[in-house]
Structure formats: C-alpha cells, structure tokens
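Below is one structure, written out as structure tokens; the observations come after it.
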Amino acid sequence: AGKKAPAGSGTDANGAKKLVFGFSQVGSESGWRAANTKSIQDAAKAAGFELKFSDAQQKQENQIAAIRTFIQQKVDVIGFSPVVVTGWDTVLKEAKAAGIPVILTDRAIDTQDKTLYKTFIGSDFVKEGTAAGQWLVDAEKSATGTVNIAELEGTTGSAPAIDRKKGFEDMVLKDPRFKLVADQTGDFTRAKGKEVMTAFLKAHKDINILFAHNDDMAMGAIQAIEEAGLKPGKDIRIVSIDGVKDAFQAMVDGKIEVVVECNPLIGPQVMDLVRKLKDKAEVPARVESKEGVFTKDKAAAELPNRQY
Ligand code: GZL
C-alpha cells in the first residue's frame, strides 16, 4: 500500500480520506437552532466526518452561495436546513449535475422535482400546530364568550411558520368562539417577538391567548406582557413550540401553559443518512422526529431531563 498520509483534518487515524459533509445552517436565531447546530457538529465529529459548516444568518442567498462552494469543493454529501420553502431548484440542479447527493434537515422545500434531494429528516410542523390548537380547544371547552388569539409567526415563507399556522388555525378557527385578532412574524427571535408583542398590546386590549411559533418569541413576548403591566399565565395565556429549557422554566413559573416539543437533536440520525448516501445505500424518503406535548403541570418533573 502507498505511504500513509499524516492524520490531518482530511484523513483519519489510519490515513483514509474522511467523508466530507458540507452543511448550510439557517442561522443562530434561537435556542432551538443552537441545539440543532451542536447536535450536527458533535455527531459529525463522532462519525469521523470532515464537516464544512456555514451559518447563513437566516438569508437564503447565503445558503445558495454556501451550497455552490460545497459543489466547487467537491464535498461527498451536501446538507442544509432551508430557511424558506421556495427558490432552491436552480442550485439543487447544480448539485445533482455535480453528482453530489443532498439531504434536507429540519425544514422542507417546495419543489416539483423530487430527485433534487435524496431524503428529509425533521418534524411534522402541521402536527405541531394541530397539537397546540388541540390544547387550546380542550382548555377552553367550557368557555362561553369569545377567545381572542394573537399569533407570533415564525420566519415568513419558512416550512415551520407555514405549517404550524395551518395546523393551529385549522384546529381552532373552525370554532366561532375563537377569534384571531393579531398575527405577525417575529422571525423566530426573542427580540422581534418582544417588539411585535409590544405592538400587539398597544393595538389590542383584549388578547386572551398568545400562540407563539417558537419558545424564543414566547420568551420575548413574556417580557413585553410584563412591561405592559400584565401577567403572563393570568391575563394572557401562552402556547408555544420547541421545548427549550427556558420555556420549561417559564411553565414552572406559570408564565407558559403548554409547550409542543420540536426535537433539534437529530445530528446522529443525519450522519447515519449521510454515510448511507456516500455508500450509495438505500435511504428512506422521509425520517420524522418523535416528539411530545408538555403542559405546565408536567414541567417541573421534565425540566431535569431536558437536553437543550
Ligand atoms: C423547527 C425549526 C424552527 C424552530 C425555531 O424545526 O426550523 O427554527 O422552531 C428555529 O426555534 O428558529
């Protein structure tokens, strides 16, 4: 056998060339995203892959540029969590032409051409929205008056924002007692969530429920509610999605009623799929994350188990 290359970043301990995985991450907008990034990075290291990681700061043009760079670098597999659902066909056709398999993680895309990616791993966001809506319908089953809802939406055009909205509103708005009095994007961030909730509270004196598409916006909204002299959990009850530690603490503190879990810790499963793609082995078209719903009475017991 030829001389063994020194074990640099591109080669493993016995000189074999490492699998190179190019990954374009949405950004670093939320606690969920930070946990997802850590899971991807830790799992790539554990798998012995060379990870080329790019943070797109929630801009699609940055993700497209990163994917083009990965193509030029002739990586073995490309992965990304698409910030929005549309506008990917051109760059994915370039990856396909270069013979580089693509895996979608976390968020899905809208495309007519299903050959542009090999597999998707992530959550069913419609189910998450429906679960949030189901909690509200059950919680208000004996309510007689109108229930006014404000909705802090995720990033406009993103799969989680589109699908969580659909699941929640299909479940809730068929009941005439529920009124959606305000809905606007908070872009999944705390800062924007606080800013938009402040505006909601100025415009509406009668909000009963806040549905936040993620915990970071819910935490920002809690600050806005308290700065307006109102009590979260009493004047305005909050239903949120993700399941980060801060949201569990907020439930322990009685400020959030229920959190629908969205699992960011998919790194190990992603790397299993990446290995299979490199080896041209069969992969399922879709791998769905398993996740639960946690009401505030369960929060104290569950908090020590939370990994993100
Ligand atoms: C959901 C993920 C969303 C999270 C947000 O899988 O795409 O993006 O709910 C994150 O916290 O910003």
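It should be emphasised that the depicted structure is a prediction, and the values quoted were computed from it without experimental measurement. Counting convention: from 1, in listed order, for ligands and their atoms alike.
- For ligand 1, the atoms closer than 4.0 angstrom to any heavy atom of Ser30 are 5 (C), 10 (C), 11 (O), 12 (O).
- For the residue pair Asp187 / Thr185, no side-chain donor-acceptor distance below 3.5 Å is found, with atom types taken as modelled.
- Using a 3.5 Å distance cut-off with no hydrogens or angles, the side chains of His213 and Glu151 do pair a donor with an acceptor.
- Among all non-hydrogen protein atoms, the one lying nearest atom 9 (O) of ligand 1 is Asp242 OD1, 2.6 Å.
- Contacts between Met217 and ligand 1 below 4.0 angstrom, taking non-hydrogen atoms only, are absent altogether.
- Remark: ligand 1 atoms within the under-4.0 Å shell around heavy atoms of Cys262 are 1 (C), 6 (O).
- Among all protein heavy atoms, the one lying closest to atom 6 (O) of ligand 1 is Asp106 OD1, 2.4 Å.
- Of the options Glu291, Arg107, His213, Glu128, the smallest heavy-atom separation from atom 7 (O) of ligand 1 is shown by Arg107.
- Of the options Asn62, Asp106, Asn36, a side-chain hydrogen bond (donor to acceptor under 3.5 Å, both in side chains) to Gln25 is made by Asn36 and by none of the others.
- At least one donor-acceptor pair closer than 3.5 Å links the side chain of Trp32 to the backbone N or O of Cys262.
- Taking atom 12 (O) of ligand 1 as the reference point, the nearest protein heavy-atom neighbour is Glu29 OE2, 2.5 Å.
- The closest side-chain donor-acceptor pair between Asp297 and Thr295 falls under 3.5 angstrom.
- Residues Ser240 and Asp215 have side chains that bring a donor and an acceptor to within less than 3.5 angstrom of each other.
- The contact set between ligand 1 and Phe125, taken as ligand atoms under 4.0 Å from a residue heavy atom, comprises 1 (C), 6 (O).
- Between the side chains of Glu302 and Asn305, at least one donor N or O lies within less than 3.5 Å of an accepting N or O.
- Using a non-hydrogen distance threshold of 4.0 Å, Pro160 registers as a contact of ligand 1.
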